[in-house]
Amino acid sequence: MVDHTYLVKLKLQTAFTTLLKAESAQRGYIITSDKDLLNKFIEARNELPLMAASVDSLLIDNPEQVKNMATTKRLFRARLVWLQNVIDVIPNVTTITLDSLFTRGTKITDSIAAQIALMSNAEDRLLSMRLSEKLTQEKRAASFVLLFSIFSLIVVFFAYLRLKGESNLLKASITDNTVLESMVDKRTGELRSANEKLNVQNDLLERKNAELNSFTFIASHDLKEPLRKIEIYTNKIIRADEDHLTEDGKNNLRKVSDSIQRMKNLIDSIFSYAQIEQELEYEKTDLAQIAADALNNLSEKVQEKNARIDIDELPVINAVPEQMEQLFTNLISNSLKYTQPGKSPLIEIKSEKQFAENGDNCWKIIFSDNGIGFDELYKEKIFQIFQRAHSKSQYPGTGIGLAICRKIVENHHGHITAKSVPGQGSIFTIMLPENFK
Ligand code: ADP
């Protein structure tokens with residue numbers, strides 16, 4: 001804009017100088033009649049409108065100056081016409097007339113000078129206005145730059161704080177992770193050493209178990225050995241001295257014989273009780289077949305007691321067959337033993353499927369008899385080793401049979417319960433999983 005103002009002033013001044021050139025060439029021609037000077041006048045006269053037009057294009061955005069320029073151009077034209085008129089009238093006018101013509105022409109030139117001065121002043125005013133505007137803009141720009149810098153600094157500061165916070169969080173989370181990792185490491189170490197201890201204890205237990213088994217085997221074997229001798233010699237005495245013995249003597253020897261038998265049974269029972277956890281070969285076991293095998297084992301007793309045995313449909317389950325056979329044998333033999341005098345034993349074996357939501361189905365096997373039963377007070381105790389609900393003199397036994405049954409059932413992750421009404425019979429209920437192991 002500043003350049004624009006200077007350019008307007010320069011062009012106006014140049015136009016005015018060209019006018020002065022035209023005037024001086026016209027005067028020289030009038031005085032000397034030199035054709036060169038006339039040509040110079042014509043040249044300047046032709047240039048002048050072009051110069052004025054070039055100023056026009058600079059003033060388009062300023063209506064006041066456009067108006068001033070229109071006046072200036074009119075004056076320029078008037079002056080050029082006047083200069084030409086004077087040239088045209090020279091041959092016919094007197095010196096006095098010429099003088100007055102010059103004076104009038106000079107007045108127009110003065111008006112043009114005044115008009116150009118007016119326009120230059122207007123441009124100067126415009127310039128100073130624009131300069132102060134520029135200054136204000138610069139001030140404003142400086143304030144804006146300052147404010148923007150402060151704002152940028154604040155943004156940078158908060159971004160720094162945020163990043164610092166995040167890096168602290170990151171550090172904290174890294175620290176947390178490190179703490180966690182060290183806790184996990186510590187715990188893993190503890191678990192590992194606990195595991196090692198457990199393995200050592202397991203080995204120890206396995207060794208102890210093996211020792212116990214061999215001890216049970218040797219003990220039962222060694223205990224039976226003197227028993228066998230006592231039995232042999234007792235039988236010899238009975239056979240050889242039968243005629244010399246008193247009735248009391250015979251009775252006493254019979255009691256010795258019975259005691260030997262009981263002792264042998266006891267040793268066998270303890271041995272098989274100790275053995276239960278040894279045989280753990282699980283396989284698909286048909287309980288109907290097991291029941292048939294058990295009855296086969298007890299066929300003499302069944303016949304002797306004239307017992308009726310009703311066996312319902314029985315399932316196939318995953319179990320240790322030898323243990324299942326022992327379980328069935330023990331329960332049926334008890335029902336054949338604890339019978340009511342003068343009443344044929346009736347034994348029933350039934351089964352019911354128990355559906356579980358998780359698919360771990362079970363089978364309920366129910367053994368019932370019509371025997372002497374037992375007092376409900378003993379319903380838990382009879383499963384403990386050597387515990388009995390009846391006197392030995394009436395019903396001989398070791399008190400180990402049901403303890404073995406419970407151990408077998410628990411080996412198969414099941415359970416066994418008993419209930420009874422004395423004089424009416426007993427019911428033994430066993431729950432066994434269908435697919436254990
Ligand atoms: P044992 O028969 O050798 O005494 P068990 O462990 O087999 O040992 O039985 C424990 C006790 O439970 C028995 O002494 C008896 O009192 C009682 N008992 C077991 N089965 C029956 C049954 N079917 N009826 C009545 N009582 C029973």
Side-chain angles (χ1 to χ4, degrees), residues 1-23 44-80 108-187:
M1 288 299 178
V2 172
D3 285 351
H4 170 269
T5 303
Y6 285 129
L7 205 62
V8 170
K9 282 170 77 176
L10 183 71
K11 288 205 171 196
L12 283 172
Q13 211 52 55
T14 312
F16 188 65
T17 308
T18 307
L19 177 71
L20 292 180
K21 270 189 201 164
E23 270 183 23
R45 189 194 63 191
N46 291 342
E47 271 178 16
L48 202 56
L50 296 173
M51 286 180 175
S54 76
V55 182
D56 272 349
S57 63
L58 293 171
L59 301 173
I60 292 167
D61 57 343
N62 189 340
E64 189 201 332
Q65 286 289 72
V66 169
K67 228 164 105 187
N68 289 337
M69 191 59 201
T71 310
T72 311
K73 282 198 290 187
R74 215 175 42 249
L75 287 168
F76 271 134
R77 274 196 304 276
R79 181 66 182 123
L80 288 176
I108 300 171
T109 302
D110 290 343
S111 300
I112 291 171
Q115 182 65 17
I116 285 174
L118 180 95
M119 283 186 74
S120 293
N121 286 342
E123 280 300 314
D124 282 341
R125 269 201 317 281
L126 205 64
L127 179 65
S128 75
M129 248 168 67
R130 281 172 177 168
L131 278 175
S132 77
E133 202 176 307
K134 186 183 163 213
L135 214 66
T136 320
Q137 294 273 19
E138 276 173 359
K139 275 185 192 163
R140 243 185 243 154
S143 320
F144 178 75
V145 167
L146 188 71
L147 278 175
F148 185 75
S149 305
I150 291 168
F151 174 73
S152 302
L153 274 174
I154 291 169
V155 168
V156 168
F157 179 68
F158 278 109
Y160 165 76
L161 284 184
R162 180 88 189 260
L163 278 176
K164 204 178 166 203
E166 275 177 14
S167 91
N168 283 344
L169 270 178
L170 203 69
K171 269 191 211 155
S173 93
I174 288 168
T175 320
D176 281 357
N177 272 352
T178 319
V179 170
L180 263 180
E181 270 169 22
S182 77
M183 275 167 74
V184 168
D185 283 351
K186 196 176 157 217
R187 197 82 192 100

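Only a predicted model underlies this, so the values are computations on that prediction, with no experimental measurement involved. Atom set for the values below is all heavy atoms of this structure, side chains included, hydrogens, waters and symmetry mates excluded.
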Distance, nearest 0.5 Å, that separates CG of L12 from CG of N68: 9.5 Å
Among pairs that include at least one residue of residues 149-165, which meet salt bridge (Lys or Arg N to Asp or Glu O under 4.0 Å), considering only residues two or more places apart or in two chains? R162-E166
Which pairs, with at least one residue in residues 48-62 and sequence neighbours excluded, count as a salt bridge (Lys or Arg N to Asp or Glu O under 4.0 Å)? D56-K73
For A122 and Q65, the nearest pair of non-hydrogen atoms, with its separation, is CB-OE1, 3.4 Å
Return the OG1 to CE distance between T5 and M129, rounded to the nearest 0.5 Å. 10.0 Å
Can you give me the closest heavy-atom contact between S57 and S54, atom names plus distance? OG-O, 2.9 Å
Which residues pass the side-chain hydrogen bond (donor to acceptor under 3.5 Å, both in side chains) test with K21, sequence neighbours left out? none
For I150, give me all partners under side chain to side chain contact (heavy atoms under 4.5 Å, CB included), at least two apart in sequence or on another chain. L146, I154
Just to verify, what does N46 make a side chain to side chain contact (heavy atoms under 4.5 Å, CB included) with, not counting sequence neighbours? I42
Would you give the length of the straight line joining atom CG of L153 to atom OH of Y160, rounded to the nearest 0.5 angstrom? 14.0 Å
Can you name the residues that form a salt bridge (Lys or Arg N to Asp or Glu O under 4.0 Å) with K134, not counting sequence neighbours? E138
Residue list, side chain to side chain contact (heavy atoms under 4.5 Å, CB included) with T71, at least two apart or on another chain: R74, L75, Q115
Of the non-hydrogen atoms in R125 and E64, which two are nearest, and what is the gap between them? NH2-OE2, 3.9 Å
Provide the closest heavy-atom pair for F16 versus F76 in the form atom of the first, atom of the second, distance. N-CZ, 4.1 Å
Non-neighbouring partners of D124 that pass side-chain hydrogen bond (donor to acceptor under 3.5 Å, both in side chains), sequence neighbours left out: K9
List the residues meeting side chain to side chain contact (heavy atoms under 4.5 Å, CB included) with L131, not counting sequence neighbours, and say none if there are none. V2, L127
Parallel, tilted or perpendicular: rings of F144 and F148 (30°, 60°): parallel
On a heavy-atom basis, which atom in S182 and which in V179 lie closest, and how many Å separate them? OG-O, 2.8 Å
dist R45:CZ -> R77:CZ (nearest 0.5 Å) comes out at 14.0 Å
To the nearest 0.5 Å, how far apart are OG1 in T14 and CE in M51? 6.0 Å
Can you list everything that forms a salt bridge (Lys or Arg N to Asp or Glu O under 4.0 Å) with D176? Sequence neighbours excluded, please. none
Check side-chain hydrogen bond (donor to acceptor under 3.5 Å, both in side chains) between T109 and all other residues, then give those that pass, not counting sequence neighbours. E23, R79
For R187, give me all partners under side-chain hydrogen bond (donor to acceptor under 3.5 Å, both in side chains), at least two apart in sequence or on another chain. E190
How many angstroms lie between atom CG of L48 and atom OG1 of T17, to the nearest 0.5 angstrom? 10.0 Å
Test item: L59 and V8 side chains (from C-beta on) under 4.5 Å apart, heavy atoms: yes
Do side-chain atoms of E123 reach the backbone of Y6 as a donor and acceptor pair under 3.5 angstrom? no
Indicate yes or no: at least one non-hydrogen side-chain atom of L19 is less than 4.5 angstrom from one of L80. yes
